[in-house]
Amino acid sequence: MLLFNLGAARAAPPAAPTDARGELRAWCAGACGPVVLDGFKPRKRLPAEARRPVYTVERHGADAWGEPAGRRLGDTAGLEAAAQLVVVRWAVPREEAVPRMLEVSRALAGAGAWIEDPAAGVVADGASFLARLAPLEGDPPDPSPAVGVDRPAEGRAVTRGLRRLGLPELVAEDRGDPGATEAVLLAAARALAAREAAAGVPDRLELADPCARGTATLRYARRRAGDPEPPLAELRFDGSAAPCPQPAPAGGTASTPRARGRTGGSGGAASG
């Protein structure tokens with residue numbers, strides 16, 4: 001068990017995003033199938049604020065885009081030979097965040113053989129990807145499978161993926177055990193996801209998570225180099241935390257990507 005304090009809180013309260021938005025990619029052995037999103041309106045670009053569900057679709061040759069990034073889960077045999085990918089970016093009202101993300105995930109599982117989640121840092125076959133997101137359908141939803149923890153600078157940890165759930169990304173000073181820092185961030189994410197969207201973002205959370213127990217204080221955070229898009233909330237934690245056991249990957253196995261000899265591509269910044 002590790003006792004620690006993360007960061008110094010700022011005076012300004014945390015802000016909730018105006019909507020929920022994100023990005024997922026489907027990789028296909030041949031031509032990708034159609035992306036069918038009932039209830040969404042297609043757009044050429046996403047609006048600054050989504051008042052109804054909207055999305056954009058881009059199709060690219062796999063070689064022009066670059067290697068899919070992230071930990072590989074399930075059956076990814078043949079991914080290096082993928083011929084095409086489709087990139088879906090979406091934006092929806094905050095109160096529709098979770099069901100709409102699941103809808104996009106199912107649509108992409110039907111359009112391609114593998115799904116890449118750039119925020120969570122995973123690539124998986126469609127069935128394994130959807131199984132991994134099952135905790136999001138709980139009551140309350142558990143966002144952990146949809147959230148990655150990144151370290152854009154030494155001593156600084158940030159979440160990636162909460163924005164598409166209608167929540168601000170969390171930032172904390174990474175002191176002591178990195179696993180304990182990640183446990184606190186994910187425990188705070190679960191506590192935030194359990195709240196009603198209309199309730200906004202509190203400046204204080206009482207965490208009674210198996211891996212983190214104590215008080216989390218949230219304040220407005222200014223964006224730094226390498227951070228995800230704002231709004232950001234800086235987290236200060238007073239309590240105890242320890243690294244959580246990692247669940248077995250959906251589909252049974254995990255692997256690291258192998259080089260494929262592509263030229264690096266660019267696809268724009270991830271929205272989520």
Is a salt bridge present between [X] and [Y], judged by a nitrogen-to-oxygen distance below 4.0 Å?
X: Glu137; Y: Arg106; value: yes
X: Glu169; Y: Arg224; value: no
X: Arg72; Y: Glu80; value: yes
X: Arg204; Y: Glu206; value: yes
X: Asp238; Y: Arg213; value: no
X: Asp227; Y: Arg156; value: yes

Flag, side chain of Arg223 to backbone of Pro228, donor-acceptor distance under 3.5 Å: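 Side chain of Arg223 to backbone of Pro228: a pair is present.
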Using only heavy-atom distances, determine whether the side chains of Arg45 and Thr56 contain a donor-acceptor pair under 3.5 Å.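 Thr56 and Arg45 do not have a side-chain donor-acceptor pair below 3.5 Å.
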Quick check: do Val201 and Pro168 have side-chain heavy atoms less than 4.5 Å from each other?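 Val201 vs Pro168: side chains touch.
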What pairs of residues pass the salt bridge (charged side-chain N to carboxylate O under 4.0 Å, His left out) test when at least one of them lies in residues 90-99, not counting sequence neighbours? Glu96-Arg100
Is it true that atom CZ of Arg59 has more than 12 heavy atoms of other residues, nucleotides or ligands lying nearer than 6.0 Å? yes
Whether Trp65 and His60 hold their rings parallel, tilted or perpendicular, with breakpoints at 30° and 60°: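 Rings of Trp65 and His60: tilted, 30 to 60°.
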